[in-house]
Amino acid sequence: MLKVTDLSAGYGAINILWNLNFEIGDGEIVAFLGSNGAGKTTTVRAVTGLIRPSSGSVQFNGQELARKNSRAILDAGIVQVPEGRQLFTDMTVLENLEMGAFNKPTREAFKENLKTVYKWFPKLEERANQSAGTLSGGEQQMVAVARALIGIPKLLILDEPSLGLAPNIVDDILAVATSMAKNDGISVMLVEQDITKALACADRGYVIENGKIALEGTSASLSANEHVKKAYLGI
Ligand code: ATP
């Protein structure tokens with residue numbers, strides 16, 4: 001479904017990514033691992049249209065997205081949960097979810113999609129009429145993820161969900177991502193510093209080093225790889 005070929009990208013005259021090739025299949029969770037500054041977030045930005053690749057192709061369900069803007073990429077079904085919660089704290093949970101319906105098809109499907117999102121986050125249904133500002137930090141994070149999902153994307157991008165979150169909330173979010181992938185066929189691109197957690201949840205992974213794919217394989221094979229163990233797992 002997502003097929004990236006020979007992708008190069010960077011910032012201005014500085015090239016960061018060098019001829020990346022990777023794929024994410026339907027309902028697959030794929031982890032992107034690497035140390036600080038390796039190019040993981042830049043890869044995400046190139047996929048979501050925040051930066052324009054200097055060369056290469058980003059095919060999504062047969063559609064070329066490499067030169068499209070963020071809005072067109074969102075309309076194609078690729079969604080990223082924004083950093084920080086960015087909730088409307090005076091509004092209720094339900095009203096916040098309504099704000100996530102960003103285009104006509106999503107607004108039309110809102111009632112139906114809401115049922116799906118409540119299935120993923122049952123607690124939010126209980127809290128539908130509570131103002132978002134009065135929720136716990138973890139619950140607010142759930143609302144932010146749920147709002148990103150209200151259009152029922154085809155590909156969900158999670159960039160460092162563990163950053164600034166309590167470990168149990170991260171586990172909850174990864175559990176929802178796993179259920180969405182396995183039961184609803186939604187694909188997940190998971191960028192995560194906690195490599196043990198990422199590989200436990202992902203089907204496959206890519207290791208990015210200096211803007212290049214250094215290694216790829218199933219989560220089991222990456223976990224057993226000597227280089228991964230030494231460089232990233234500290235064992
Ligand atoms: P981290 O895990 O620390 O977030 P990362 O693998 O996500 O790292 P990137 O954020 O993709 O790494 O950064 C890759 C390189 O691109 C780094 O050298 C960084 O300094 C550079 N970079 C990132 N954003 C910009 C920018 N807006 N302008 C110029 N260079 C940037």
Side-chain angles (χ1 to χ4, degrees), residues 2-24 28-58 60 65-71 73-74 78-86 141 144-145 148 155-167 169-171 173-174 177 187-217 219 222-223 225 227-235:
L2 180 76
K3 186 171 167 57
V4 171
T5 313
D6 289 333
L7 177 75
S8 294
Y11 303 95
I14 308 164
N15 199 62
I16 303 288
L17 305 177
W18 304 86
N19 298 307
L20 300 197
N21 290 288
F22 61 88
E23 286 181 25
I24 304 178
E28 207 179 21
I29 304 180
V30 179
F32 287 75
L33 316 172
S35 47
N36 289 329
K40 304 179 298 295
T41 297
T42 305
T43 306
V44 167
R45 288 182 181 140
V47 170
T48 57
L50 275 181
I51 59 171
R52 199 162 279 228
S54 49
S55 62
S57 146
V58 178
F60 188 60
L65 296 181
R67 314 278 173 269
K68 296 275 173 67
N69 62 28
S70 300
R71 181 55 195 253
I73 292 171
L74 196 60
I78 299 181
V79 162
Q80 181 180 7
V81 178
E83 264 179 61
R85 297 182 200 121
Q86 298 171 19
Q141 191 65 32
V145 178
L155 172 67
L156 170 69
I157 301 180
L158 292 170
D159 191 357
E160 312 252 358
S162 70
L163 220 68
L165 285 185
I169 301 298
V170 181
D171 291 343
I173 290 174
L174 293 183
S187 311
V188 180
M189 177 176 186
L190 174 63
V191 176
E192 179 52 59
Q193 288 275 356
D194 186 332
I195 290 169
T196 310
K197 251 184 196 153
L199 289 178
C201 154
D203 301 295
R204 287 190 303 114
Y206 294 90
V207 177
I208 302 182
E209 290 178 354
N210 300 317
K212 296 180 181 151
I213 305 273
L215 271 174
E216 62 179 277
S219 294
L222 289 178
S223 303
N225 182 281
H227 175 65
V228 172
K229 282 206 250 181
K230 210 161 155 194
Y232 300 104
L233 297 169
I235 48 177

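FYI, side chains are in, hydrogens and waters are out, and symmetry mates aren't considered; it's all heavy atoms of this structure. Whatever order the structure lists them in is the order used to number ligands and atoms, beginning at 1.
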Where P53 and A46 come nearest, the two heavy atoms and their spacing: CG-O, 4.3 Å
How long is the span from the CZ atom in F60 to the CD1 atom in I78, to the nearest 0.5 Å? 4.5 Å
Is the closest basic N to carboxylate O distance between R204 and E28 below 4.0 Å? yes
Could you tell me if the side chain of V30 sits less than 4.5 Å from the side chain of F22, heavy atoms only? no
Listing by chain and number, which residues have a heavy atom under 4.0 Å from ligand 1? Y11, I16, S35, N36, G37, A38, G39, K40, T41, T42, R45, E160, Q193
What is the distance from atom CG of D171 to atom NZ of K197, rounded to the nearest 0.5 Å? 4.0 Å
Y206 side chain vs E23 backbone, donor-acceptor pair below 3.5 Å: yes
